[in-house]
Amino acid sequence: MGERTLGVGKLPMDLLQKLLERYQGQDERLVVGPQVGEDAAVLDMGERYLVVKSDPITFATDEIGWYVVQVNANDIACMGATPRWLLLTLLLPEGRTDEALVEDLFSQASQACQSLGVALCGGHTEITHGLDRPIAVGLMLGEVEKENLVRTAGVQVGDVIIQTKGIAIEGTAVLAHEMAEPLAAKVGTALVTRGKRFLKDPGISVVPDAMIVCRAGHPHAMHDPTEGGLATGLWELAHASDKRLIVDLAAVHVFPETVAFCQALELDPLGLIASGSLLVTAAPEESPQMVQALSQEGIGATAIGRVVEGAASVQMETPDGLAPLPVFEQDELTRLFGGMDGPKVKDDLTFE
């Protein structure tokens, strides 16, 4: 049998795990190295931990300077850390880049950094052959007191699973910007206009969410579901912690705009890129105060599941009992923009 051909988007989790096990480096100060599901690397710097994350913006074309700051800061915050410094790489298309575009990208990134208290302290810019759109790659650094580090692997049996805001905020915003005309023809311009605002309202940043949760209690794990949507985010959480998750999909909040766009374009919101929603696991006695603290700051949150004994897996409650939560082989946004012809999901995920 020949080697499989890989589609656009994240590497399959089973392949990524094999590569990381085979090739990851070792260092005595490396506290958290490359692992499926972990949001960032952690280095021991003495009194504190340095948390480091790199993430690109490849789906969106609008506001990518602002966008790249938010998605990198999210992963720093999910480790319980405070985002501090950003190095930004901009790869710009040959023959389609002028000074106004570069100025706009720098302005967007600067404003986003200022809003989070992050210093833009370096990076790289170039005009790159073969690109049809700008690509932004961020390298974010943050710091955290050692006792306050939160890991995706920290999930504990008995935990309640909390979801903030609602799913597919990022995907909804990208669809509204990139598919405005066909969507307007199907769902109306008012809904598309509202969807375009999703980048900032309710917003793709989970930095406030994470900070509120950490002030309200002691989260065992936090995770930022991104490419592959809520479904992939839950699987990453289960795999990183080697725990069994039971999810009530009826409790998962999906925005009306997201529902309308997905129905119009035949997409599944569970597999649609989902920055903006924070997944938290916490002890049952602490989860209500976290939900209340978020609500008091105007951030909706709800319990969507629980952690039970068993091997790493994610199951959903159905009228007929428990069933495996589907695994999306490719983000629904990627599929729409030129990937697979139809939705490709598996009933389960195994790591060999």
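Side-chain atoms of Arg29 never come within 3.5 Å of backbone atoms of Gly46 as a donor-acceptor pair (strictly under, hydrogens ignored). A donor-acceptor pair is defined here as one N or O able to donate and one able to accept, closer than 3.5 Å; such a pair exists between the side chain of Thr97 and the backbone of Pro93. Panel note: side chain Gln289, backbone Ala216; a donor-acceptor pair is recorded below 3.5 Å. Under the 3.5 Å distance criterion, the side-chain polar atoms of Ser241 are matched with a main-chain donor or acceptor of Leu237. Proximity of a side-chain donor or acceptor of Glu38 to a complementary backbone N or O of Gly33 within less than 3.5 Å is not detected. Although no hydrogens or angles enter the test, the distance criterion places no donor-acceptor pair under 3.5 Å between the side chain of Asn148 and the main chain of Val144. Panel note: side chain Glu286, backbone Pro219; no donor-acceptor pair is recorded below 3.5 Å. In this structure, Trp235 contributes its side chain and Phe328 its backbone to no donor-acceptor pair below 3.5 Å. In terms of modelled atom types and a separation under 3.5 Å, the side chain of Thr164 and the main chain of Ser277 share no donor-acceptor contact. Side-chain atoms of Thr281 do not come within 3.5 Å of backbone N or O of Val155 as any donor-acceptor pair.
If you run side chain to side chain contact (heavy atoms under 4.5 Å, CB included) between Ile135 and each of Thr58, Leu92, Val68, only Thr58 comes through. With Gln315 as the fixed residue, the side chain to side chain contact (heavy atoms under 4.5 Å, CB included) test singles out one of Val308, Ile246, Leu245, Val247: Ile246.
Contact annotation: the side chain of Pro225 never approaches that of Thr232 to less than 4.5 Å [non-hydrogen atoms, C-beta and beyond]. Taking 4.5 Å as the limit, every side-chain heavy atom of Leu278 sits out of range of all side-chain heavy atoms of Leu294. Looking only at side-chain heavy atoms (C-beta outward), Asp331 and Leu272 come within less than 4.5 Å of each other. Counting heavy atoms from C-beta outward, Leu279 and Ile304 have side chains that approach closer than 4.5 Å. Inter-residue side-chain proximity for Glu28 and Asp44 is flagged as unmet; no heavy-atom pair is nearer than 4.5 Å. Looking at Ser54 and Val137, their side chains come closer than 4.5 Å, going by heavy atoms from C-beta outward.
In this structure, Val31 and Arg151 approach most closely via the heavy-atom pair O-NH1, 4.5 Å. The minimum heavy-atom distance linking Leu90 with Leu105 is given by the pair CD1-CB, 4.2 Å.
The CD atom of Glu257 sits 12.0 Å away from the CG atom of Leu175 when rounded to the nearest 0.5 Å. In this structure, CD in Gln330 is found 10.5 Å from CG in Leu336, a value given to the nearest 0.5 Å. Considering CD of Gln163 and OG1 of Thr302, their distance stands at 7.5 Å, rounded to 0.5 Å. Atom OG1 of Thr258 and atom CD of Gln263 lie 11.0 Å apart (nearest 0.5 Å). Considering CD1 of Ile212 and CE of Met290, their distance stands at 12.0 Å, rounded to 0.5 Å. Here Asn72 contributes atom CG and Leu116 contributes atom CG; the two are 11.0 Å apart, rounded to the nearest 0.5 Å.
Ion pair Asp248/Arg306 not flagged as a salt bridge, since none of the NZ, NE, NH1 or NH2 atoms sits closer than 4.0 Å to an Asp/Glu carboxylate oxygen. Ion pairing between Arg335 and Glu332 holds under the 4.0 Å rule for side-chain N and carboxylate O.
Residue-environment remark: NE2 (His253) exceeds the threshold of 12 foreign heavy atoms within 6.0 Å. Glu147 CD: more than 12 foreign heavy atoms inside a 6.0 Å radius.
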Please lay out, stage by stage, how Lys243 and Val157 fare under the test side-chain contact (heavy atoms from CB on, under 4.5 Å).
-> CA-CA 7 Å; Lys243 296 294 187 296; Val157 171; 4.0 Å; yes
Start with the C-alpha distance between Glu227 and Thr334, add both sets of side-chain angles, then the distance that settles side-chain contact (heavy atoms from CB on, under 4.5 Å), and finish with yes or no. CA-CA 9 Å; Glu227 192 176 339; Thr334 305; 4.1 Å; yes
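For Asp98, the side chain to side chain contact (heavy atoms under 4.5 Å, CB included) partners two or more places apart in sequence, or in a different chain, are Ala100, Leu101. Partners of Ala283 under the side chain to side chain contact (heavy atoms under 4.5 Å, CB included) rule, at least two apart in sequence or in another chain, are His220, Glu285. Scored by the salt bridge (charged side-chain N to carboxylate O under 4.0 Å, His left out) test, Asp209 finds Lys165 as partners (sequence neighbours excluded). Scored by the side chain to side chain donor-acceptor pair (under 3.5 Å) test, Ser115 finds no partners at all (sequence neighbours excluded).
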Please tabulate, for side-chain N and O atoms in residues 73-88, each donor-acceptor pair with protein atoms closer than 3.5 Å (sequence neighbours left out).
| unit_1 | atom_1 | unit_2 | atom_2 | d |
| --- | --- | --- | --- | --- |
| Asn74 | OD1 | Val206 | N | 2.7 |
| Asn74 | ND2 | Ile204 | O | 2.8 |
| Asp75 | OD2 | Lys53 | NZ | 3.3 |
| Arg84 | NE | Glu143 | OE2 | 3.2 |

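For residues 168-200, the set of pairs meeting the ring-ring contact (aromatic ring centres under 6.0 Å, His included) definition, not counting sequence neighbours, comprises Phe198-Phe255.
A side-chain N or O of Gln114 and one of Ser110 form a donor-acceptor pair less than 3.5 Å apart.
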